Amino acid sequence: MDLYVMFLAVVVFFAVVLIVKGIITVHQAQVVIVERFGKFHGVLYPGINWIIPMMDKAHIMEWRNSREYMDASGRTRVVPYLEMRNVIDLRETVYDFPRQSVITKDNATIEISAVLYFQITDPIKAAYEVESLPQAIEKLTQTTLRNIFGELELDQTYTARENINSKLLVTLDNAANKWGVKVNRVELQDIIPPAAIREAMEKQMKAERDRRATVTEAEGLKTSQILKAEAVREAEIKKAEGLKQAAILQAEGIAEAKIKVANAEAEAVKIIASGIGQSANPASYQVSLKYIEALTKMTDGKDNKIIYMPYEASNVLGAVAAIKDLTGGAPQTK
């Protein structure tokens with residue numbers, strides 16, 4: 001009886017141990033691949049699962065992890081390392097690859113670093129189609145980067161970053177598809193040329209900035225000179241227009257003055273003619289006055305003068321006679 005109880009207790013104990021050892025808890029967004037006697041048996045999904053100990057075993061695969069440390073200069077550095085896991089994470093994973101040297105089409109050696117975002121879509125392929133998934137992805141990324149940068153010149157690597165990311169994404173996604181991996185994004189972090197090339201690029205950029213500054217200064221001076229010339233031209237035009245307007249106004253004033261004087265003289269002659277009578281000719285009277293004034297200027301002076309008058313002057317004398325009749329005597333001449 002005692003042996004039976006002891007045997008029963010041993011059986012219960014081993015049953016409890018088997019049950020405890022056979023319970024596997026899988027977290028959300030993770031799966032576990034189970035092998036029975038080394039052969040694929042099934043996939044355990046999130047929740048409580050049970051396997052048969054000693055017959056079933058979780059498949060162990062390499063996984064890439066990283067840790068941070070502080071170097072001698074005080075900078076934080078990330079060191080990747082591989083670890084063994086019996087679970088497969090289905091969430092998007094980020095691989096930050098260390099810097100590597102690549103050679104461009106024009107034989108310039110530069111250092112680049114990239115960040116890869118991928119996600120396992122088929123855990124069975126990820127476990128059995130490739131020996132080490134992290135190393136395969138890393139080496140594939142490095143070789144693809146070398147091939148892409150080998151087709152570009154150094155200057156193109158700084159302006160074609162989007163094209164490089166697109167080509168890298170397409171190549172990696174197509175290659176990693178058979179591993180059950182979906183590559184979502186690839187980003188280039190740094191493109192670092194050698195020190196000599198950086199110095200030459202800095203000199204080139206400085207020369208380009210100096211050239212732009214010189215061109216901008218020359219364009220500003222040119223614009224300033226043009227504006228000054230236009231201002232002088234506008235001032236001269238305004239001045240000429242002012243002089244023209246002044247001359248026109250002055251001429252119009254003189255013309256109006258002469259017209260008013262002529263009108264006044266004409267009015268005076270009409271008044272005189274009306275006082276003389278109908279027989280008097282105003283025009284002859286006016287001509288006679290002008291003739292008398294001319295004779296007065298001709299005979300003005302201390303010396304004796306002899307004046308020869310043409311025969312036609314008798315007509316003028318007739319006009320003088322008319323004045324005599326008007327004034328009651330002959331005009332006095334020297």
Side-chain angles (χ1 to χ4, degrees), residues 1-69 76-98 114-142 169-187:
M1 187 67 181
D2 293 337
L3 291 176
Y4 177 76
V5 173
M6 291 179 61
F7 177 76
L8 185 61
V10 171
V11 171
V12 172
F13 174 76
F14 276 105
V16 172
V17 171
L18 287 175
I19 293 173
V20 173
K21 290 289 186 179
I23 295 176
I24 296 179
T25 302
V26 181
H27 298 284
Q28 185 66 33
Q30 293 180 347
V31 294
V32 176
I33 294 179
V34 178
E35 298 175 346
R36 179 167 291 180
F37 299 116
K39 182 181 178 180
F40 172 74
H41 178 67
V43 179
L44 304 182
Y45 294 97
I48 297 176
N49 299 271
W50 186 78
I51 62 174
I52 301 175
M54 295 181 296
M55 293 178 59
D56 298 337
K57 185 180 180 181
H59 176 76
I60 297 176
M61 62 181 297
E62 290 183 351
W63 200 256
R64 192 174 185 271
N65 206 341
S66 61
R67 60 173 177 268
E68 296 182 354
Y69 77 98
T76 302
R77 295 187 178 275
V78 179
V79 179
Y81 66 93
L82 296 177
E83 64 178 4
M84 307 303 295
R85 291 184 180 181
N86 59 0
V87 296
I88 299 177
D89 200 331
L90 301 180
R91 294 174 297 178
E92 188 175 53
T93 306
V94 181
Y95 274 8
D96 188 358
F97 298 105
V115 177
L116 179 67
Y117 299 84
F118 72 94
Q119 188 174 10
I120 295 177
T121 57
D122 191 339
I124 299 176
K125 288 184 178 181
Y128 295 107
E129 293 293 334
V130 62
E131 179 183 0
S132 176
L133 181 62
Q135 289 186 0
I137 293 176
E138 181 176 355
K139 297 303 179 183
L140 178 61
T141 304
Q142 291 176 350
L169 176 61
V170 172
T171 303
L172 293 178
D173 190 37
N174 293 334
N177 186 36
K178 67 176 183 178
W179 301 334
V181 174
K182 172 64 177 177
V183 179
N184 296 326
R185 294 189 307 278
V186 181
E187 298 290 341

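Nothing here was measured: the structure is a model prediction, and the numbers come from that model.
- Annotation for R64 and D96: closest pair NH2-O, 3.2 Å, computed over non-hydrogen atoms.
- The distance from atom CD1 of I24 to atom CH2 of W50, rounded to the nearest 0.5 Å, is 10.5 Å.
- Once rounded to the nearest 0.5 Å, the distance linking NZ of K125 with CG of N177 reads 6.5 Å.
- Rounding to the nearest 0.5 Å places CG of N184 at 10.0 Å from CZ of F118.
- Under a cut-off of 6.0 angstrom, the local environment of CE in M54 is sparse, with at most 12 non-hydrogen atoms contributed by other residues, nucleotides or ligands.
- Checked for salt-bridge contact, E83 and R85 meet the test: a charged N lies under 4.0 Å from a carboxylate O.
- Put simply, the side chain of L169 reaches to within 4.5 Å of the side chain of V183, judged on heavy atoms.
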side-chain contact (heavy atoms from CB on, under 4.5 Å) between V115 and V94, intermediate numbers included = CA-CA 7 Å; V115 177; V94 181; 3.6 Å; yes

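- Here I60 contributes atom CD1 and I88 contributes atom CD1; the two are 11.5 Å apart, rounded to the nearest 0.5 Å.
- A127 and I33 get closest at one heavy-atom pair: CB-CD1, 3.4 Å.
- Contact between L90 and V31 at its shortest, heavy atoms only, is CD1-CG1, 3.8 Å.
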Begin with the C-alpha distance, continue with both residues' side-chain angles, and end with the deciding distance and a verdict on side-chain contact (heavy atoms from CB on, under 4.5 Å) for N86 and K57.
-> CA-CA 9 Å; N86 59 0; K57 185 180 180 181; over 6 Å; no

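- At a threshold of 4.5 Å between non-hydrogen side-chain atoms, the residues W179 and L133 count as touching.
- The heavy-atom pair separating A29 from P46 by the smallest distance is N-CG, 4.1 Å.
- Contact check for V26 versus N49: side-chain heavy atoms found under the 4.5 Å cut-off.
- In this structure a side-chain-to-backbone donor-acceptor pair under 3.5 Å is present from D56 to I52.
- The two residues Y95 and T93 make their nearest non-hydrogen contact at CE1-CG2, 3.8 Å.
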Derivation of the side-chain contact (heavy atoms from CB on, under 4.5 Å) call for L116 and L172 = CA-CA 10 Å; L116 179 67; L172 293 178; 3.8 Å; yes

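- D89 places no side-chain N or O within 3.5 Å of a backbone atom of V87 that could act as its donor or acceptor partner.
- Around CG of L8, the count of heavy atoms belonging to other residues, nucleotides or ligands within 6.0 Å exceeds 12.
- Judged by distance alone, the side chain of T25 and the main-chain N or O of I48 form no donor-acceptor pair under 3.5 Å.
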Does the side-chain contact (heavy atoms from CB on, under 4.5 Å) test come out yes or no for Y128 and H59, once each step is laid out?
-> CA-CA 10 Å; Y128 295 107; H59 176 76; 4.2 Å; yes

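- The CE atom of M84 sits 5.0 Å away from the CD atom of E62 when rounded to the nearest 0.5 Å.
- Summarising the geometry, atom CD belonging to Q30 is positioned 11.0 Å from atom CD1 belonging to I120; distances are rounded to the nearest 0.5 Å.
- Under 3.5 Å, the side chains of E35 and H41 contain no donor-acceptor pair of N or O atoms.
- A 6.0 Å sphere centred on CZ of F40 holds more than 12 heavy atoms belonging to other residues, nucleotides or ligands.
- Closest non-hydrogen pair, V130 versus A136, comes out as CG2-CB, 3.6 Å.
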